[in-house]
Structures are given as C-alpha cells and as structure tokens.
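Working notes, structure below.
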There are 2 protein chains.
Amino acid sequence: MTPDVTAPSRTTYRDVRAAILSRITDGTWGAGTILPSEMELAEAFGCARATVNRAMREIEEMGLVERKRKSGTRVRAAPVRQARFEIPLVGDEIAANGGTYRYALVSTATLPAPDWLRGRMGLGAGDRVVHVTAMHYADGAPHQFEDRWINATALPEVLEASFDKQGPTEWLIAAVPYSEVEIGLMAVAAEGPLCDHLGHAPGAPVFRVERTTWWQGQAITHVRLNHAPGYRMTTRY
Amino acid sequence: MTPDVTAPSRTTYRDVRAAILSRITDGTWGAGTILPSEMELAEAFGCARATVNRAMREIEEMGLVERKRKSGTRVRAAPVRQARFEIPLVGDEIAANGGTYRYALVSTATLPAPDWLRGRMGLGAGDRVVHVTAMHYADGAPHQFEDRWINATALPEVLEASFDKQGPTEWLIAAVPYSEVEIGLMAVAAEGPLCDHLGHAPGAPVFRVERTTWWQGQAITHVRLNHAPGYRMTTRY
DNA sequence: CAGTGGTCTAGACCACCGG
DNA sequence: CGGTGGTCTAGACCACTGT
C-alpha cells in the first residue's frame, strides 16, 4: 500500500465550525437561511454526524443560529449577542496588566445588618454582618475601593478573620465553595469615603460593580467595587 | 424477562454534570482536588466516557475546573469567574421588561472622520463617516442616547439610508452579516447634548456602553450608548 | 513511557414538532 | 407520519505532558 502522501488529517469539528461560520459571516448564508441538515453536512464534509453536531452546537451557543427539531437550523436575524466579561481577582487583573498590586485594609466592623442590606441579602432582623472596607492600588495609585458586607450568621468564622494582609475576597474564596452570584454594573456619583480613597471629586462618575453571592440558598456576601476614574471593563467577541 | 419496572432511563450528561457540580459546590471536592479520571467516572456513573467528557467540558467552560492531559482535572482555587451579559437590541430589552419603546432620530450628518475616531476605527485621512444620534425612550421617559458613527467608505449604502423610522442598529443588522465586536463599559460625566436628551445634570454619572464593530478586518461602526440615570446591567451565574 | 484528556466514528434510539 | 436535532455507546486513535 502506498500511503496517502498528502495525508489530509480527518475533518475535525473545528474545520466544520470554521466552514459554517465563514459561510454565515460572509453572507452566503444570510439571516433566515435554513442550513442543510446535520446528515447532509456530515456527508458534504466527509465526517460523522456527531462531528457536525458538535460544530453546530457551538455555533448555536455563540448565538448565530437557532436550532429546532424537525424545522432544522436557521441563521438568526438579530444575533443574540452576549458578551462575556472576565471577573478576575483585582490583584490578578493588575498583575496581568504588568502593574504592581498593593492591598490596604481601611476598616472592619461587626454590626446588625442595615435595612437596605437585609433587603439585598434576604437577612432577618437579628442577623449580624461584618463590614469591611479596603483599598486596592495599582502601581501606588488608587485602583479600587472595596466596600463589603459578610453574613456573620451564615459564616461565623468571619468574626475571627483578620483582613490586615489578605483581602476579604481571597478569604472568602478559601472559606466558601463555589456559589451563585448576581452581578450588577452601574455608574454612580462619588461621595463620602469614596472620594477620599479614590481621589475622586464629589459627584464624579464612578464605575461600580455590585456583587451578591449566595451559597446553598443563603446570601454570603454583598460587595461594591468602586473603580478609579478612567476604568473600563472591556471584551471582544 | 420481567422488564425493570423502575425503568431508570440512561444516565445523561446532565445527570453526570449535576452530580459532579454538587460535589464541587458542596465542598466534597474542594479547591485543588484532582477529580477521578473520565474512565473512572464513566464506570462509576455507568455510562460511556463520552458522556462524562461532555459533562466535564461544560463544567470546565463554567470555569470551575481546569483540565490538562496527563495530570487530569483539578478544581480551580480561584474560579475564573466570567459573567455573561446579554446585549439585546434596546427596543427588545425595553419590551422584555414590559415597557413601551419609542425611537426618535436626533441628527444625521456626513463628514470626514474626526481624529479620535480614525484612531478607534483604524480609518485613513480621506475616509468619510456618517454620524447619527438618536434617542430611545421607555414608557415615554428617556432611556438611552445613541451616538453612532458609521464608516461610509466601507459601507457606501449608508449614505442612502434614512434613520427616521428605524434605528441605525436595526439597519446595520440587516446590512452587515455577523461581525466581530469590541465592547467597553465605563462611567462618564454627562455633558453637552447628553444632558439635554437624557435629562442628566451636567457632570452627572452616565453608564456608557461603547462598541466597535468590525467585518472582515474593516471597522464598520463605533457607537456610544449612554444610559439614563439609574440604569444597571445585571446578570446571574 | 504511560496515563489523561481530546476527538472521531458508525450506529442507534429517542423526542419533538411541522405538515 | 416522518424528518430533524439530541444524545448515548463502544471502540479507537491521537496529543500532550508528568514522571
């Protein structure tokens, strides 16, 4: 047997995905087009149907097509655009950008949960929380002001924790397994301690990330991450 | 043969995924743990390795585990948290919240690309752009001020387009196949026409989504979507 | 080198749903 | 009803990488 010299490796699901994607993005298969069935594509590409299926599932997940049994796969008119943003630890984010990270605890206190927090976290009247504020610096300049509340009823260990050297985020990661998270992004006006710590003028626009974390149905922590002027959250897709 | 009355259907990849997830989220498999190999899990769950593989791939995609050949699957210490935000058409977003949507064109103009835009979009000195500004209302109240620039050199049809009744986003979706997008989120201070249209006081914090769209290596459009006070972008995961 | 994940295959059965 | 996607299987080969 003379082996096939041009030895084309098998068709991979990446090949199929790329081929289909390019037909969609170059307009060959415009919005509303029904794509050939998986069987037909498998034959056309010379591969198994499972391979086409995986390619198609990924394209569907990207939001470019809509799949339904019997009716087939249709190119979406208005792609469900979804952007993915990485939510790294602030220290990692700064290091990734080549900066030097520094952490500084500002304050800690244990107190009954204020009303607005009880609503957010679904706490009862008797629940106590630990309130931590801290600063994160990049290359010596203020980068983020962290304002965090931790449910001491659900997580009594927090009463023993010190956040002198280690930020509350790191402590929580070690203390609590994976959890459900609700994130909100917004623009707010700088006021109070925020101005002092971030060097904002009062009323200046602050980019804020608000995050509430739940574990097994209980709210564990609520945090406001307030960013220094000029901060942008970006992504490509 | 008496058929199995309790007829357990086969183990699906969802079953496997749920089982593994619960062991991770309840702390049974804490951060750093090396999970059993796919073969072992397949045997344990009584299913094919491909089924375990699919479950594991999805868990990996959620950012909970890290997989490497030979070394196996390890539970991440600091989960690469990635939040997915839906980026719907503003009209759809308002309708989804039960509001009434209204669109109003504010201005259009054709002009040479200003310097800052040439940088963003990679345009040459001679390139012309169409500048469109428009308002989006929810239940009659200002919701979003859109400030968009479209590359007329790459997309000459835009010169004939009217944005009286239809927003530029809708027009672009119909005119350009799927494209690559760069998104930035930020907080800025309200100024100029923004104040008038959104009802912000000058200097008030504005949540802005900036988006640049590319198609086949060419920048097609750059848009700033400025939101009315109180706007939040939220997601859960 | 050997173990782990990465992927493909050929075949099968099933669930859904449009005509 | 019949076609389409959804999924599982058993087996195989491969690519990477720790030891």
Side-chain angles (χ1 to χ4, degrees), chain A residues 1 3-21 23-24 29 32-77 80, chain B residues 1 3-4 6-21 23-24 29 32-77 79-80:
Chain A
M1 306 280 208
D4 188 340
V5 180
T6 60
S9 65
R10 293 178 165 176
T11 329
T12 73
Y13 79 94
R14 290 161 190 279
D15 298 333
V16 176
R17 188 183 58 190
I20 296 175
L21 273 177
R23 280 174 177 74
I24 292 177
W29 288 338
T33 306
I34 301 275
L35 271 51
S37 74
E38 295 191 348
M39 266 182 27
E40 292 170 328
L41 288 170
E43 198 171 349
F45 286 112
C47 65
R49 179 165 80 99
T51 305
V52 174
N53 182 271
R54 173 151 182 200
M56 295 286 265
R57 264 194 292 117
E58 295 199 357
I59 293 171
E60 177 186 30
E61 207 186 332
M62 296 163 73
L64 293 189
V65 301
E66 206 172 12
R67 316 193 74 197
K68 262 194 280 192
R69 286 161 156 140
K70 169 72 180 185
S71 31
T73 302
R74 161 193 308 272
V75 180
R76 276 189 199 270
V80 175
Chain B
M1 305 279 207
D4 189 340
T6 60
S9 65
R10 294 178 163 173
T11 332
T12 73
Y13 78 93
R14 292 162 190 277
D15 298 334
V16 177
R17 189 183 58 192
I20 297 176
L21 273 178
R23 280 176 178 73
I24 293 177
W29 286 337
T33 306
I34 302 275
L35 270 51
S37 75
E38 294 191 350
M39 267 182 25
E40 292 170 327
L41 288 170
E43 198 170 350
F45 286 112
C47 66
R49 181 164 78 97
T51 305
V52 174
N53 182 271
R54 175 152 180 201
M56 295 287 265
R57 265 194 292 117
E58 296 198 358
I59 293 170
E60 177 185 32
E61 207 186 330
M62 297 184 210
L64 292 189
V65 302
E66 205 172 13
R67 315 191 74 195
K68 264 195 278 194
R69 285 158 156 143
K70 170 72 180 183
S71 32
T73 302
R74 162 193 307 272
V75 180
R76 278 190 197 269
V80 175

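Numbered from 1 within each chain, the chains take letters A, B, ... in sequence-line order.
When all heavy atoms of A:Thr51 and A:Thr12 are compared, the pair lying nearest together is CG2-C, 3.8 Å. Pairing each heavy atom of A:Gly63 with each of A:Arg76, the nearest pair is O-CD, 3.0 Å. When all heavy atoms of B:Met56 and B:Ile20 are compared, the closest pair comes out as SD-CD1, 3.6 Å.
Distance A:Arg54 CZ to C:dG6 C1': 8 Å, rounded to the nearest Å. Across the protein-nucleic acid pair, A:Arg74 atom CZ and D:dT4 atom P stand 14 Å apart, rounded to whole Å. Here the C1' atom of nucleotide C:dG6 and the CZ atom of A:Arg17 are 13 Å apart, to the nearest Å. Counting to the nearest Å, the C1' atom of D:dA15 and the CG atom of B:Asn53 are 14 Å from each other. Atoms CD (B:Glu58) and P (C:dG6) sit 13 Å apart, rounded to a whole Å. Remark: P of D:dT9 and OH of B:Tyr13 are 13 Å apart, rounded to the nearest angstrom. Regarding A:Glu38, its CD atom lies at a distance of 16 Å from the P atom of C:dA10, rounded to whole Å. Whole-Å rounding puts the B:Arg67 CZ to C:dT7 C1' distance at 12 Å.
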Checking A:Asn53 against A:Arg67 for the side chain to side chain contact (heavy atoms under 4.5 Å, CB included) test, could you report, in this order, the C-alpha distance in whole Å, the side-chain angles of both residues, the deciding distance, and whether it holds? CA-CA 11 Å; A:Asn53 182 271; A:Arg67 316 193 74 197; 3.9 Å; yes
Show your working on salt bridge (charged side-chain N to carboxylate O under 4.0 Å, His left out) between A:Glu58 and A:Arg54 and close with a plain yes or no. CA-CA 6 Å; A:Glu58 295 199 357; A:Arg54 173 151 182 200; 3.4 Å; yes
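Listed pair A:Thr73 / D:dG5 meets the phosphate criterion, a side-chain N or O lying under 4.0 Å from OP1 or OP2. Taking side-chain N and O atoms only, B:Thr51 has a distance below 4.0 Å to OP1 or OP2 of D:dT9.
Residue B:Arg14 is classed as a sugar-phosphate contact, given heavy-atom separations below 4.0 Å to backbone atoms only.
Screening A:Thr33, A:Ile24, A:Ile34 for a side-chain contact (heavy atoms from CB on, under 4.5 Å) with A:Val65, the sole residue that qualifies is A:Ile24. Under the side-chain contact (heavy atoms from CB on, under 4.5 Å) test applied with B:Cys47, the options B:Leu41, B:Thr11, B:Asp15 reduce to a single match, B:Thr11.
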Sugar-phosphate means primed atoms, P, OP1 and OP2; the rest is base. With that split, encode nucleotides 11-19 of chain C 5' to 3' as B, S or - using protein heavy atoms under 4.0 Å. -B--BBBB-
